[in-house]
Student: 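First, the structure itself, so that you have it in front of you.
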There are 2 protein chains.
Amino acid sequence: MSRWPTDARERLERAAIELFQEQGFAATTVPEITARAGLTTRTFHRHFADKREVLYAGADASGLATRLIADAPAGLPPLALIMEGLRTVVATRFEGRREDLRVRREIVRSDSGLRERDLQKWADMSAAIRAGFTARGIAAMRAALLADTAVSLLRVSLEEWLDHDDDRELFEIVRTGLDAMRTELAAG
Amino acid sequence: MSRWPTDARERLERAAIELFQEQGFAATTVPEITARAGLTTRTFHRHFADKREVLYAGADASGLATRLIADAPAGLPPLALIMEGLRTVVATRFEGRREDLRVRREIVRSDSGLRERDLQKWADMSAAIRAGFTARGIAAMRAALLADTAVSLLRVSLEEWLDHDDDRELFEIVRTGLDAMRTELAAG
DNA sequence: CGCGTGATGACATGCCATGTCATCGGGTAA
DNA sequence: TTACCCGATGACATGGCATGTCATCACGCG
């Protein structure tokens with residue numbers, strides 16, 4: 001055992017999300033969070049770069065994307081790789097967490113700073129995918145377009161999934177989105 | 001004539017960008033900017049919501065996108081509308097400003113907060129396009145995917161254009177990008 | 001000629017983020 | 001066992017951003 005309970009980070013995270021739900025993100029101060037967690041402000045910023053980052057603790061979709069691309073069979077075409085990757089991401093990070101994700105989405109929507117941070121996280125994921133593709137020898141611009149397409153597909157599908165309450169599976173929506181893009185681009 | 005020179009906003013903008021180039025964004029304080037412009041901090045925040053926003057004064061690509069979609073002929077297919085819109089945006093906002101845009105890009109790249117703000121601006125543009133499409137009767141998810149595709153095309157092409165120094169025109173790169181996406185999606 | 005209006009200045013405040021140093025328990029090696 | 005190092009936290013201080021509030025003052029309008 002350590003001198004302090006070892007779950008400081010988790011306590012801060014729980015306290016923060018509770019307070020965000022109770023009072024809103026902007027109305028919650030860092031001292032309030034640390035008071036509820038029994039810690040100090042300085043310690044909060046040792047665990048999280050800023051007040052927004054606490055909402056993304058343990059997310060790291062970029063790391064997962066990097067691994068999935070690196071581990072994919074060499075011959076797999078990029079688009080197939082993307083769909084396989086999205087299937088895994090959906091299964092491990094989204095499926096079964098719909099209510100939790102709705103709560104988080106409401107908090108993010110309520111604050112402009114959080115919306116910007118959210119965009120940054122998606123951009124990080126896109127950058128990771130792009131890097132994975134360039135590492136596989138795909139040209140820069142093609143890799144960037146593929147990465148953006150993958151992220152857009154996932155993000156738009158996620159919104160659709162959270163908006164509605166039917167029992168469509170998220171990945172099914174992703175596949176529908178891909179078909180939509182296909183016909184859109186083929187037609188023009 | 002007014003009591004004060006009427007160009008307060010422009011003076012602030014010029015002073016800010018000068019200082020950002022001289023010392024960097026983070027190292028420049030709002031009082032420094034206002035001192036150079038001969039104004040006060042409070043006045044700065046009357047013209048710009050925050051220190052980052054000064055870099056996007058008079059940009060408003062979202063407004064342009066909204067107008068372009070609203071004014072487009074009713075029968076025009078979405079993808080054709082996008083390419084026509086991108087041609088206009090490129091011509092009126094980007095073409096001929098390559099060096100200026102490179103300077104701004106360097107400033108944005110240097111600061112994480114600015115990178116997030118930049119993403120927000122692109123997201124605003126995507127939202128404007130999406131709204132324009134839904135107003136034309138296109139279903140929500142299809143509109144969102146189209147909007148993201150348009151913005152991604154523009155953004156990736158812009159990066160390519162700024163990265164290189166040949167005399168390829170920006171819109172030519174956009175067209176190449178569209179072709180790349182087409183073959184990508186058709187192949188898989 | 002007096003008054004409203006709009007832009008600015010002056011002042012104060014709350015909070016975020018961060019640098020620095022002290023403290024203290026636990027693990028490690030001699 | 002003991003002495004020492006390490007890592008996590010507390011305590012304190014500081015700089016800067018963003019914003020609320022009220023006063024000031026020229027201009028134009030009736």
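Every chain is numbered from 1, with letters handed out A, B, ... down the list of sequences. Keep in mind that the numbers below use all heavy atoms, side chains included, and drop hydrogens, waters and symmetry copies.
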Student: Roughly how many Å is it from CZ in R46(A) to P in dG10(D), rounded to a whole number?
Tutor: 8 Å
Student: Specify the separation, in whole Å, of atom CZ of F44(B) and atom P of dG20(D).
Tutor: 16 Å
Student: Salt bridge between R104(A) and E99(A), side-chain N to carboxylate O under 4.0 Å?
Tutor: no
Student: When we call it a touch if two heavy atoms are under 4.0 Å apart, what does T34(A) touch: a base, just sugar-phosphate, or nothing?
Tutor: nothing
Student: One thing to verify: whether E22(B) and R36(B) come together as a salt bridge, which I'm taking to mean a side-chain N less than 4.0 angstrom from a carboxylate O.
Tutor: yes
Student: Could you state the atom-to-atom distance from CG of D50(A) to P of dC16(C) in whole Å?
Tutor: 11 Å
Student: Starting at CG of D7(B) and ending at P of dA7(C), how long is that distance when rounded to a whole Å?
Tutor: 14 Å
Student: Which of the following nucleotides, dG10(D), dC16(C), dA10(C), is nearest to the side chain of L39(A)?
Tutor: dG10(D)
Student: Whole angstroms only, please: what is the CD1-C1' distance between I33(B) and dG16(D)?
Tutor: 12 Å
Student: Report yes if a side-chain nitrogen or oxygen of T43(A) is closer than 4.0 Å to either non-bridging phosphate oxygen (OP1 or OP2) of dG10(D); otherwise report no.
Tutor: yes
Student: Would you say H45(A) reaches dT18(C)'s phosphate, i.e. side-chain N/O to OP1/OP2 under 4.0 Å?
Tutor: no
Student: Give the rounded distance in Å between these two atoms: CZ of R117(B) and P of dA18(D).
Tutor: 9 Å
Student: When you check the gap from the basic side-chain N to the acidic O, do D165(A) and R102(A) get nearer than 4.0 Å?
Tutor: yes
Student: Between dA11(D), dC15(C), dC17(D), which nucleotide has the shortest distance from any of its atoms to the side chain of T29(A)?
Tutor: dC15(C)
Student: Going by atom type alone, with no hydrogens or angles, which donor-acceptor pairs under 3.5 Å involve a side-chain atom of residues 128-135 of chain A and a protein atom two or more places apart or on another chain?
Tutor:
from, atom 1, to, atom 2, distance (Å)
T134(A), OG1, R130(A), O, 3.2
T134(A), OG1, A131(A), O, 2.9

Student: Expressed in angstrom and rounded to an integer, what is the separation of Q23(A) atom CD from dG14(C) atom C1'?
Tutor: 15 Å
Student: Please classify the nucleic acid contact of G38(B) as base, sugar-phosphate, or nothing, using heavy-atom distances under 4.0 Å.
Tutor: sugar-phosphate
Student: Report the distance from atom CZ of R42(B) to atom C1' of dT21(D), rounded to the nearest whole Å.
Tutor: 9 Å
Student: Using the test side chain to side chain donor-acceptor pair (under 3.5 Å), find all partners of E95(B) that sit at least two apart in sequence or belong to another chain.
Tutor: none
